[in-house]
Amino acid sequence: MARITASVYTSHVPAIGAALDLGKTQEPYWQPVFKGYEFSKQWMRDNRPDVIFLVYNDHATAFSLDLLPTFAIGTATSYEPADEGWGPRPVPVVQGHAELAAHIAQSVIQQDFDLTIVNKMDVDHGLTVPLSLMCGQPTPSDYRWPCPVVPFAVNVVQYPVPSGRRCFHLGQAIRKAVESFDADLKVQIWGTGGMSHQLQGPRAGLINKAFDNQFLDRLIDDPEGLSNMPHIDYVREAGSEGIELVMWLIARGAMADVAGGAKPKVVHRFYHVPASNTAVGHLILENS
Ligand code: DHB
Ligand code: FE
């Protein structure tokens with residue numbers, strides 16, 4: 001059977017993608033950001049999954065106010081990097097895993113979560129920047145991501161957005177779905193976006209290090225309690241775009257301890273300010 005081996009959490013700041021694509025990673029401003037992912041890239045090489053279930057948010061790229069699903073699962077065989085206004089990022093096409101995605105859709109919908117099925121979409125920085133951070137830039141001689149990806153898009157752009165509690169429960173349903181897939185696959189689940197940031201208005205540039213670090217502590221040790229935090233606390237403490245952090249609870253809800261298993265091992269933790277107008281947070285948790 002398939003199983004969830006680990007969960008990864010990371011911010012997805014688009015300027016990080018631009019720094020990578022424009023060869024600026026060694027500049028003094030960016031060097032400390034990328035240093036925090038050196039461990040992660042080696043860990044990915046040492047713990048290569050068969051599939052990544054990548055929870056992210058679209059930024060009015062594939063979806064718009066015309067049509068905005070709360071939870072959307074990608075069941076396509078591939079996804080093109082999106083043009084977000086400066087041309088598509090120069091990164092490989094993302095290969096999907098249509099069979100696993102269709103199985104998860106079936107199982108999770110039967111567990112009473114109403115997912116939208118997406119058979120065609122482009123993926124924006126919300127998905128490609130985490131892949132770049134964790135996998136590095138694919139070289140011309142091996143121009144592909146290390147494994148297929150199932151994209152799972154969450155609406156955190158236009159209210160009403162889902163609660164942390166709903167996300168945490170959804171993660172539990174995803175774990176059951178993965179574990180009922182009849183193939184011996186190692187699946188990582190990634191929760192992306194965050195940490196504290198506010199991109200507009202009088203509070204633009206808001207960073208709350210104390211909140212972010214407490215969020216990381218509680219995500220590790222008290223995810224259920226954390227899942228009860230209301231939206232207003234995210235927005236007040238972490239800024240309007242800090243609400244992206246609810247997606248981390250989907251990945252955390254899929255870990256074994258939530259279903260009565262052993263606590264995950266914290267293999268890596270990183271936090272850095274600034275990156276563009278935001279904080280960067282990153283965690284890797286392994287199931288034993
Ligand atoms: C920015 C955009 C994002 O989507 C995000 O999550 C963080 C930062 C930005 O434009 O800087
Ligand atoms: Fe974002």
Side-chain angles (χ1 to χ4, degrees), residues 8-22 24-25 27 29-30 32-34 36-37 54-65 68-72 74 79 81-89 91 94 121-134 149 151-159 161-162 164 167 190-209 211-212 215-216 219 231 234-235 237-251 270-283:
V8 171
Y9 309 82
T10 180
S11 307
H12 65 211
V13 191
I16 291 176
L20 276 161
D21 301 342
L22 300 172
K24 296 185 173 185
T25 58
E27 289 188 359
Y29 181 88
W30 288 111
V33 175
F34 292 105
Y37 288 83
L54 207 161
V55 180
Y56 77 110
N57 71 290
D58 178 81
H59 299 75
T61 304
F63 307 120
S64 72
L65 293 184
L68 199 45
T70 301
F71 297 120
Y79 308 89
D83 184 347
E84 297 180 62
W86 295 270
R89 287 194 61 213
V91 292
V94 176
M121 69 175 165
D122 293 348
V123 287
D124 74 11
H125 70 271
L127 186 130
T128 63
V129 167
L131 279 176
S132 292
L133 281 169
M134 293 299 296
V149 173
F152 191 91
V154 179
N155 169 37
V156 287
V157 168
Q158 172 67 39
Y159 285 81
V161 306
C167 289
W190 293 11
T192 63
M195 296 201 84
S196 59
H197 59 303
Q198 166 129 6
L199 300 177
Q200 72 286 308
R203 296 205 308 163
L206 178 142
I207 298 290
N208 187 340
K209 289 186 190 177
F211 174 90
D212 287 345
F215 189 91
L216 294 171
L219 192 73
H231 286 147
Y234 286 86
V235 174
E237 298 297 328
S240 53
E241 281 67 51
I243 195 65
E244 289 180 343
L245 284 169
V246 294
M247 295 185 289
W248 295 30
L249 285 162
I250 298 178
F270 173 67
Y271 183 74
H272 177 79
V273 177
S276 178
N277 294 309
T278 89
V280 170
H282 175 37
L283 265 186

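We count ligands from 1, going down the list as the structure has it; atoms in each ligand are counted the same way. FYI, side chains are in, hydrogens and waters are out, and symmetry mates aren't considered; it's all heavy atoms of this structure.
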**Request:** Give the residue, atom name and distance (to 0.1 Å) of the protein heavy atom nearest atom 1 (C) of ligand 1.
**Result:** P14 CD, 3.3 Å

**Prompt:** In Å, rounded to the nearest 0.5 Å, how long is the span from CD1 of I16 to OG1 of T128?
**Reply:** 11.0 Å

**Asked** So which of the N, O or S atoms of E244 lies nearest the Fe ion (ligand 2)?
**Response** OE2

**Interfacing atoms of ligand 1 (cut-off 4.0 Å, heavy-atom, H197)** = 5 (C), 6 (O), 7 (C), 8 (C)

**Request:** Give the atoms of ligand 1, by number and element, whose distance to some non-hydrogen atom of E244 is under 4.0 Å.
**Result:** 4 (O), 6 (O)

**Prompt:** If you measure from each non-hydrogen atom of A15 to ligand 1, which part falls under 4.0 Å: side chain, backbone, both or neither?
**Reply:** neither

**Message:** Give me the atom names and distance for the closest heavy-atom approach of L54 to T192.
**Reply:** CD2-CG2, 3.9 Å

**Prompt:** Cut-off 3.5 Å, side chains only: do N208 and S196 have a donor facing an acceptor?
**Reply:** no

**Complete:** Of all protein heavy atoms, the one nearest atom 6 (O) of ligand 1 is H12 NE2, 2.7 Å

**Request:** Any chance you could lay out the side chain to side chain donor-acceptor pair (under 3.5 Å) test for H125 and E84, step after step, and finish with the verdict?
**Result:** CA-CA 8 Å; H125 70 271; E84 297 180 62; 2.7 Å; yes

**Request:** Flag H197 as yes if one of its N/O/S atoms falls below 2.8 Å of the Fe ion (ligand 2), otherwise no.
**Result:** no

**Message:** Give me the atom names and distance for the closest heavy-atom approach of K209 to Y271.
**Reply:** CA-OH, 3.5 Å

**Message:** Using a 3.5 Å cut-off on N or O atoms only, is T278 in polar contact with ligand 1?
**Reply:** no

**Fill in**
Heavy-atom closest pair (A82 atom, D122 atom, distance to 0.1 Å) is CB-CB, 3.7 Å

**Message:** Under 3.5 Å between any N/O of H59 and any N/O of ligand 1: does that happen in this structure?
**Reply:** yes

**Fill in**
S276 heavy atoms within 4.0 Å reach ligand 1 at atoms 11 (O)

**Prompt:** Counting backbone and side-chain atoms alike, does H125 have an N/O/S atom under 2.8 Å from the Fe ion (ligand 2)?
**Reply:** no

**Test item: D124 side-chain N/O and H59 main-chain N/O as donor-acceptor pair under 3.5 Å** = yes

**Asked** Taking R203 for the side chain and Q198 for the main chain, is one N or O donor matched with an acceptor at less than 3.5 Å?
**Response** no

